[in-house]
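We name chains A, B, ... by the order of the sequence lines, and we start the count at 1 in each one.
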Amino acid sequence: MPDIQVKLPDGSTKVVPEGSTVRDVASSIGPRLAAAAVVGRVEGALVDLDAPVRDGQAVEILTESSPVSLDVLRHSAAHVMAEAVKDLFPTARFAIGPAVEDGFYYDFDVERPFTPEDLTAIETRMREIAAEELPFRRGELDRLEALDAFEGQPYKQELISELPPAEAISIYTQGGFTDLCRGPHIPDTGRLRAFALMKVAGAYWRGDSSRPMLQRIYGTAWWSQKDLDAYLTRLEEAEKRDHRKLGRELDLFSFNEAAGAALPLYHQKGARVLRLLQEWERAELYRRGYEELITPHIYKADTWRISGHYDNYRENMYFFTIDEGEGRVTEYGIKPMNCPGHIFVYKSAVRSYRDLPLRWFEFGTVYRHELSGVVHGLMRARGFTQDDAHIFCTPEQVVPEVQAMLDIVDWAMGTFGFEYTAEVSTRPEKSMGTDEQWEIATANLFQALDERGLPYEVNPGDGAFYGPKIDIKLKDAIGRTWQCATIQVDFQNPQRFEMTYRTAENTEAQPVMLHRTILGSMERFFGILIEHYAGAFPTWLAPVQAVLVPIAERHNGYAREVAGKLASFGVRVEVDDANEPMRAKIAKAQAAKVPYMLVVGDKEASDGTVGVRERSQGDLGPMELGAFLERVYERSPLPRAYPPAGPLGGHPVELTDFPE
RNA sequence: GCCGGCGUAGCUCAAUGGUAGAGCAGCGGUUUUGUAAACCGCUGGUUGCGGGUUCGAUUCCUGUCGCCGGCUCCA
């Protein structure tokens, strides 16, 4: 048999007999590589180890150390799970089973929902299948054969009928289970060593709520038990950071059944943090040429008819009617967005091109009736406050204004050290306006991003009903991404509300409206920060910055005196004068994640100092109050000392002047 | 909204077809403390809410509200 030559990634070539497979190439390089090989890449395409290689092809052997091999493992794990389900639930019908981030899932149509016990049984069966080290074998069928092979499997039939009719359809078999699949797969089920089934949930076939609901089992799989354990530990860590849990533990906010679902109640400490975020952002916006507006929370239904919300957003809105007497009934809608108020302010005067751009912001609280199944703590609530702004400008000003917004995003994310990415969303099905308007608006967004050199992805059809948008996603401390800032171009509302301005030529023209948020929802951003910092806010944002810890009862007076001085300089302090040993007070302050504990005893009282303990560094020793104040204000991005706040809890402290 | 799970004191959790218990928190007292929790006592729950089955339900059924995990949607 003649030899052929293949190219390896390091640039060298390898001579192997004709008819060799990827596995043969690996073997010819070395037995250890052959043993470690998972899949191959031939001419850039992922293939099974069984796949043949041809003369002149570029061949790469991928082992467990290659990240893509993990996806292959997980996809194979989904097949093994499907086999286990087939064994245990013979009437099950199979949908799809892809690898996803950190794991895999498979959707099944079964007679009854899976129980946790079912999951255990399926997992046990999977371990048996893995122990059998069954090879994955690829096969090819034509369309008719495939339809025949998957008789009685309506979901597979649907998938097959959508494949290109002329092309061969690949199937994979391991043990007694055959699935429609593009591949590739791990060589045999024995490679599936570290895995776990995580949860079961309902999922619509093809994500369409009008189609049948299937049972989805999520699992995770890793190359080693160590990796699996690390993943499970990571999940536990994320759970500890859960803002809903920390929100309760740190007394930041709560929910009340009687108040209504997804309507957060901010306690003193939570309100402080939200207010601090607003102070921080407000100062910066003023610096950047914005003005603040305050507008109503409810508007007559006619307003929402003009804006298009009545037709396009109704199911998310709260409407109510009010009896005006004499049989007159007026319908109002609670605002889900802040735009109408800002538009009415615009329309309150004749506007000139000299006025533009007008940059108006509002911390506007909006209400949206979110589906009951989607609400999630502060991250997805029914009432929330947007750091909303609308820029009214000429068409020529759109690109620079969008860029200025991207600048603000960069400033805001930089404050917290968040990295972020951009996504552009284009025209959705349910929308208003002409194609031309959408094209211009979308092009403007692309131009702004391109000129700024900010990379982005495109989400076709994901725009708002009135215009395309740029969404910013940030990455938190444990690598999760969150949507915050959004920038939207709107040609619709200026037209619908008949907004105009006088041009230099003394003609009437229509302004362009830009909608934007930077943090998005203050509450969601708050939630993100809680999880990002695991509740331990930086000093400038901490609801309580310092707790005075008197050692014995006789030190309470001095503690209150010090607290009063610090409070008069805007430090947020508490005095813990409980009848408890100081060790207990320190433990409580640590648990409350307070940045500083100020221990005061005989020494401090006579020296006029405080014993500073920092929450993560421990005891820093005695410090003069002035030095401590400097420490508190060090690196604070707040524009100035936030207005004096009395201590929370404990006894009121009189504000006194700080001695020079 | 849909699928599944859950709902016991402020919080974390226990118990049973015969009518509920612990720790923390709270309150009272003792102690007066030097960097992650001192001691004693007390209070506290129509077991989310409504209906049903039952001699009897918190435990079983049902409806409803809420929460949790997904789907869909979204700031």
Side-chain angles (χ1 to χ4, degrees), chain A residues 105 107 112-116 118-119 198-218 242 244-245 248-249 251 254-262 313 315-316 336-337 364 366 368-388 425 462 464 469 471-473 482-486 488 515-525 527-528 549-556 578-592 597-604 611-615 618-622:
Chain A
Y105 69 78
D107 286 345
R112 60 162 178 85
F114 292 119
T115 65
D118 293 336
L119 244 58
M198 305 300 286
K199 56 200 169 196
V200 58
Y204 299 111
W205 168 234
R206 309 206 122 177
D208 184 340
S209 56
S210 68
R211 309 203 62 181
M213 177 150 295
L214 309 172
Q215 289 291 308
R216 173 173 300 177
I217 301 177
Y218 282 93
D242 192 315
R244 294 166 300 186
K245 179 179 150 74
R248 186 173 50 242
E249 288 173 359
D251 195 20
S254 63
F255 292 88
N256 185 297
E257 233 184 271
Y313 208 71
E315 63 277 20
N316 281 301
M337 296 182 192
V366 297
R368 298 183 184 175
H369 182 78
E370 300 294 343
L371 295 178
S372 61
V374 308
V375 298
H376 180 91
L378 262 35
M379 304 299 195
R380 190 81 183 273
R382 285 181 174 157
F384 59 97
T385 304
Q386 293 180 310
D387 60 330
D388 205 358
S425 295
D462 258 3
K469 61 178 182 173
D471 286 326
I472 302 290
K473 305 220 160 155
W482 302 95
Q483 147 120 47
C484 293
T486 181
Q488 309 174 347
H515 307 240
R516 60 95 291 205
T517 64
I518 302 298
L519 307 182
S521 139
M522 303 305 292
E523 292 86 347
R524 172 181 287 183
F525 198 75
I528 292 166
V549 179
I551 288 175
E553 206 173 339
R554 64 178 179 280
H555 307 122
N556 286 353
N579 179 13
E580 277 178 319
M582 60 105 64
R583 289 167 55 83
K585 296 180 188 181
I586 285 172
K588 279 178 185 157
Q590 286 286 155
M597 284 140 272
L598 305 178
V599 176
V600 293
D602 292 334
K603 264 190 309 205
E604 289 78 7
V612 178
R613 179 192 165 93
E614 200 273 339
R615 70 183 157 201
D619 192 356
L620 301 179

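- In this structure, B:rG17 forms no base pair with any nucleotide, since neither Watson-Crick nor G-U wobble geometry is met with both distances under 3.5 Å.
- A:His515 and A:Asp388 share no side-chain donor-acceptor pair at under 3.5 Å.
- In this structure, B:rC24 forms a base pair with B:rG10, meeting either the Watson-Crick or the G-U wobble geometry with both donor-acceptor distances under 3.5 Å.
- In this structure, B:rG50 and B:rU62 make a Watson-Crick or G-U wobble pair, each of the two defining distances being under 3.5 angstrom.
- Judged by atom type and distance alone, A:Asp208 does not reach the base of B:rU72 through any side-chain donor-acceptor pair under 3.5 Å.
- Remark: the A:Tyr218 side chain and the A:Arg216 side chain contain an N/O donor-acceptor pair separated by less than 3.5 Å.
- You'll find that the side chain of A:Pro113 is closest to B:rG4, out of B:rG4, B:rU35, B:rU33.
- For the residue pair A:Arg112/A:Gln215, the side-chain donor-acceptor check at 3.5 Å is not satisfied.
- Summarising the base pairing, B:rA38 is matched to B:rU30 through a Watson-Crick or G-U wobble pair whose two defining distances lie under 3.5 Å.
- Among the protein residues, A:Ala589 comes within range of no part of the nucleic acid, since none of its heavy atoms lies under 4.0 Å from any strand.
- Within the structure, every side-chain polar atom (N or O) of A:Arg216 is placed at least 4.0 Å from both OP1 and OP2 of B:rG69.
- A sub-4.0 Å separation between OP1 or OP2 of B:rC73 and a side-chain N or O of A:Tyr204 is absent.
- For A:His515 and B:rA75, the shortest distance from a side-chain N or O to OP1 or OP2 is not below 4.0 Å.
- Put simply, A:Lys588 has no side-chain N or O that comes within less than 4.0 Å of OP1 or OP2 on B:rA37.
- No hydrogens or angles were tested; on distance alone, nothing pairs the side chain of A:Arg206 with the base of B:rC71 as donor and acceptor under 3.5 Å.
- Residue contacts for A:Lys473: at a heavy-atom cut-off of 4.0 Å it reaches no nucleic acid atom on any strand shown.
- Per the stacking criterion (ring centres < 5.5 Å, plane angle < 30°), A:Phe114 does not stack onto the base of B:rG4.
- Across A:Arg524 and A:Ser521, no two heavy atoms sit closer than the pair N-OG, 2.8 Å.
- Taking only side-chain nitrogens and oxygens, A:Ser209 never comes nearer than 4.0 Å to OP1 or OP2 of B:rC2.
- Across all strands, A:Lys585 comes closer than 4.0 Å to no nucleic acid atom at all (heavy-atom distances).
- OP1 or OP2 of B:rA75 has at least one side-chain nitrogen or oxygen of A:Lys469 nearer than 4.0 Å.
- Within the 4.0 angstrom heavy-atom criterion, no nucleotide atom of any strand lies near A:Glu614.
- Base engagement by A:Ser372 is indicated by at least one non-hydrogen atom pair under 4.0 Å involving a base atom.
- A donor-acceptor contact under 3.5 Å is not formed by the side chain of A:Gln215 with the base of B:rG70.
- In terms of polar N and O atoms assigned as donor or acceptor, the side chain of A:Arg244 never comes within less than 3.5 Å of the base of B:rC67 in a complementary pairing.
- Counting to the nearest Å, the P atom of B:rC11 and the CZ atom of A:Phe255 are 14 Å from each other.
- Within the structure, a side-chain polar atom (N or O) of A:Arg583 is placed less than 4.0 Å from OP1 or OP2 of B:rA36.
- When heavy atoms are screened at a 4.0 angstrom cut-off, A:Ala592 is found touching no nucleic acid atom at all.
- For B:rG1, the paired base is B:rC71 (Watson-Crick or G-U wobble, both distances below 3.5 Å).
- Side-chain atoms of A:Asp471 and A:Thr486 include a donor-acceptor pair closer than 3.5 Å.
- No contact: A:Phe525 has no heavy atom under 4.0 Å from any strand.
- A:Gly207 comes within contact range of the sugar-phosphate backbone alone, with a heavy-atom separation under 4.0 Å but no base atom that close.
- Closest to the side chain of A:Arg554, out of B:rA37, B:rC73, B:rU32, is B:rU32.
- Summarising the local packing, CD of A:Glu614 is surrounded by more than 12 heavy atoms from other residues, nucleotides or ligands at distances under 6.0 Å.
- At the heavy-atom level, A:Gln483 lies under 4.0 Å from the strands shown only through sugar-phosphate atoms.
- Summarising the geometry, the separation between CD on A:Glu370 and C1' on B:rC71 is reported as 15 Å, rounded to the nearest angstrom.
- For A:Tyr105 against B:rG70, a side-chain-to-base donor-acceptor contact under 3.5 Å is absent.
- At the heavy-atom level, A:Asp602 lies under 4.0 Å from base atoms of the strands shown.
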